[in-house]
Amino acid sequence: MIKIDEYVDIRNHCTLKIGGQFRYFTVVETQSDIQEVINFAKEKNIKIFILGGGSNLVFSSTIVDALVVKIQIKSFEIINDTDEYTDIKVGAGENWDAFVGRTVDMNLSGIEALSAIPGTVGATPVQNVGAYGQEVKDTIVSVEVLDPEAGSIKTFLNSECEFAYRDSIFKNNAKNKYIILSVTFRLSKGEHKVPDYPGVKNYFQDKGIINPTLLDIRKAIIVIRSTKLPNPVEIPNVGSFFKNPIVTTQVFYSLISSTGEKVPFFDVGGDKVKIPAGWLIESVGFKGKDFGEISVYQNNALVLVNNGQATFADIEFVRNQIIRAVKDKFGITLETEPEFV
Ligand code: EPU
């Protein structure tokens, strides 16, 4: 029997600590729990909203009129093991970083640079989590989901997930249609790559590490992230608040000539470049800016932090201030990275 709570404070269930109440809230640990959830939602004629770790969600300060379901389905199963790779099927409710740590201990590569990212395994395909040159799309074999309408289980192969930068079918056509039950990853036993990032390279240089192991890389990423991203347990935040805008090279060059600024960029192919949103926000003078209940983080302009009592209106105000300032100076409209509910 699942336990369903009513009028639950959202702030205890998301890392930004903003939000009103969940009309109904429950935790599921097994697939059979899910059937009960579906029955309850049908009976009350209410929609289901799936929650992972709540680390990439911005809730409004009202009541979320839904049955909010926190997925805590845990499992870890090696389903295929060859000389080159290991396929692991992982329950959606497993803690992401604990899973990364476990695969590094097994000497498997592919997700080591995604260390120290908050949240659950099941949330990672939704926004194709990425950092330091790795994206989950490069190791995901398939995503197993439950279709609550049909009551059946369906598997999305990697090619069917429509993965792109911070994007997938689960944010678009398949949004809110399925409950992710497990994700299967293919991790490599071969040579691993050292992230081609100045911060990571400098770290190894300073430590005198020439051939970093997977564990060295994991440790480096944990240290580097902790300097740029506040620990959500201490300072409420949702990581990057904006996506790095991708523009055509033509737009980029006209931007450089009109502003006269040395705008940094990363070539992403297809005649397009990615511009660091953190740099754009810093260059309009907002890094470390205190808006009262919300501040732009002092060590990273891409992160907004809740100083304790912020409401949705506070975060919305700051979001709009930043979007407007960047638009006025660079003509680029920033898009938010977390999901707004
Ligand atoms: N930058 C500034 N000022 C700032 C922040 C950044 O000038 O205040 C510049 C940096 O100097 C750097 C560039 O922006 O040249 C890029 O910064 P960084 O490499 O730290 O990465 P990011 O673009 O800020 C992205 C992801 C992060 C991920 C890092 C590491 C997005 C939206 N964010 O951030 O993901 O950890 O790369 O690879 O793509 C998240 O999604 O929540 C997240 C933290």
Side-chain angles (χ1 to χ4, degrees), residues 14-16 52-58 96-97 100 111-120 123-138 163-168 171 193-203 217-218 220-232 235-247 259 261-268 272-289 295-305 318-319 322-323 325-326 329-330 332-340:
C14 64
T15 61
L16 189 60
S55 55
N56 203 44
L57 296 173
V58 180
W96 171 256
D97 187 56
V100 174
I111 52 174
E112 63 282 357
L114 304 177
S115 289
I117 292 177
T120 55
T124 60
V126 177
Q127 54 150 338
N128 180 22
V129 162
Y132 301 100
Q134 285 181 345
E135 284 186 311
V136 289
K137 76 167 173 57
D138 300 324
F163 286 127
Y165 168 62
R166 290 296 194 277
D167 204 18
S168 79
K171 279 178 90 173
K193 271 196 265 168
V194 179
D196 192 14
Y197 270 70
V200 181
K201 289 186 164 169
N202 292 343
Y203 174 95
I217 296 171
R218 172 163 165 80
I221 300 291
I222 291 172
V223 170
I224 295 165
R225 284 186 77 91
S226 71
T227 62
K228 290 191 178 187
L229 297 158
N231 179 351
I235 305 172
N237 76 91
V238 279
S240 302
F241 203 83
F242 297 96
K243 289 191 219 174
N244 291 329
I246 295 172
V247 300
T259 59
E261 295 257 13
K262 265 184 98 178
V263 184
F265 67 97
F266 304 96
D267 198 339
V268 290
K272 286 188 171 155
V273 296
K274 186 147 85 176
I275 304 174
W279 184 90
L280 295 171
I281 299 165
E282 183 169 350
S283 81
V284 296
F286 279 8
K287 188 172 185 169
K289 191 172 163 68
S295 298
V296 180
Y297 190 50
Q298 59 202 5
N299 299 337
N300 184 352
L302 198 51
V303 179
L304 301 185
V305 301
V318 176
R319 172 190 68 182
I322 292 172
I323 290 175
V326 169
K329 182 162 177 188
F330 296 100
I332 291 177
T333 306
L334 291 180
E335 284 176 28
T336 45
E337 196 269 348
E339 186 186 341
F340 281 64

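The figures here come from the full heavy-atom set of this structure, side chains too, leaving out hydrogens, waters and symmetry mates. Indexing begins at 1, ligand by ligand and atom by atom, following the structure's order.
By the 4.0 Å heavy-atom criterion, R166 is counted among the residues contacting ligand 1.
Near K287, with a cut-off below 4.0 Å to any heavy atom, the atoms of ligand 1 are 4 (C), 8 (O). Within the listing of ligand 1, atoms 41 (O) sit less than 4.0 angstrom from a heavy atom of E337. Using a 4.0 Å cut-off to heavy atoms of N244, the atoms of ligand 1 that qualify are 23 (O), 31 (C), 39 (O). Heavy-atom proximity to F242, at under 4.0 Å, picks out these atoms of ligand 1: 32 (C). Within ligand 1, the atoms closer than 4.0 Å to a non-hydrogen atom of A301 are 4 (C), 8 (O), numbered from 1 in the order shown. Every atom of ligand 1 is numbered from 1 in the order shown, and the set under 4.0 Å from a heavy atom of R225 is 36 (O), 44 (C).
Considering only heavy atoms from C-beta on, P264 comes within 4.5 Å of P276 through its side chain. Taking the side chain as every heavy atom from C-beta outward, V326 and F242 never approach each other to under 4.5 Å. The shortest side-chain heavy-atom distance between V284 and F330 falls under the 4.5 Å cut-off.
Nearest protein heavy-atom contact of atom 39 (O) of ligand 1 is Y165 OH, 2.7 Å. Taking atom 38 (O) of ligand 1 as the reference point, the nearest protein heavy-atom neighbour is Y132 N, 2.6 Å. The protein atom (non-hydrogen) at minimum distance from atom 3 (N) of ligand 1 is E282 OE1, 2.6 Å. Summary of contacts: the protein heavy atom closest to atom 14 (O) of ligand 1 is P276 CB, 3.1 Å. Nearest protein heavy-atom neighbour of atom 37 (O) of ligand 1: A131 CA, 4.9 Å. For atom 19 (O) of ligand 1, the nearest protein heavy atom (residue, atom name, distance) is Y197 CE2, 3.9 Å. Nearest protein neighbour of atom 17 (O) of ligand 1, counting heavy atoms only, is K228 NZ, 4.5 Å. Closest to atom 5 (C) of ligand 1 among all protein heavy atoms lies N300 OD1, 3.4 Å.
Counting heavy atoms of neighbouring residues, nucleotides and ligands inside a 6.0 Å radius, atom NZ of K272 does not exceed 12 of them. Counting heavy atoms of neighbouring residues, nucleotides and ligands inside a 6.0 Å radius, atom CD of E335 does not exceed 12 of them.
The heavy-atom pair separating K287 from N300 by the smallest distance is CE-N, 3.8 Å. Closest approach of N244 and Y165 over heavy atoms only: N-OH, 3.0 Å.
Distances from atom 42 (O) of ligand 1 to the protein include at least one heavy-atom value under 4.0 Å. When distances from atom 12 (C) of ligand 1 to the protein are checked, no heavy atom turns up under 4.0 Å.
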Open item on the list: Show, in sequence, the C-alpha distance, side-chain angles and deciding distance for R218 and D97, and conclude whether the salt bridge (Lys or Arg N to Asp or Glu O under 4.0 Å) test is met.
Closed with: CA-CA 10 Å; R218 172 163 165 80; D97 187 56; 2.8 Å; yes
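Scored by the ring pair (Phe, Tyr, Trp, His ring centres under 6.0 Å) test, Y203 finds no partners at all (sequence neighbours excluded).
Tested against P338, the residues T15, N56, L57, L304 include a single side chain to side chain contact (heavy atoms under 4.5 Å, CB included) partner, N56. If you run side chain to side chain contact (heavy atoms under 4.5 Å, CB included) between S115 and each of V223, I217, I221, I224, only I221 comes through.
Taking distance alone, with nitrogen or oxygen atoms compared against 3.5 Å, G239 stays at or beyond that limit from ligand 1.
Around atom 34 (O) of ligand 1, the closest heavy atom drawn from V296, I117, L302 belongs to L302.
For the residue pair Q134/E112, the side-chain donor-acceptor check at 3.5 Å is satisfied.
Residue contacts with ligand 1, taken as heavy atom pairs separated by less than 4.0 Å, involve L229 solely via side-chain atoms from C-beta onward.
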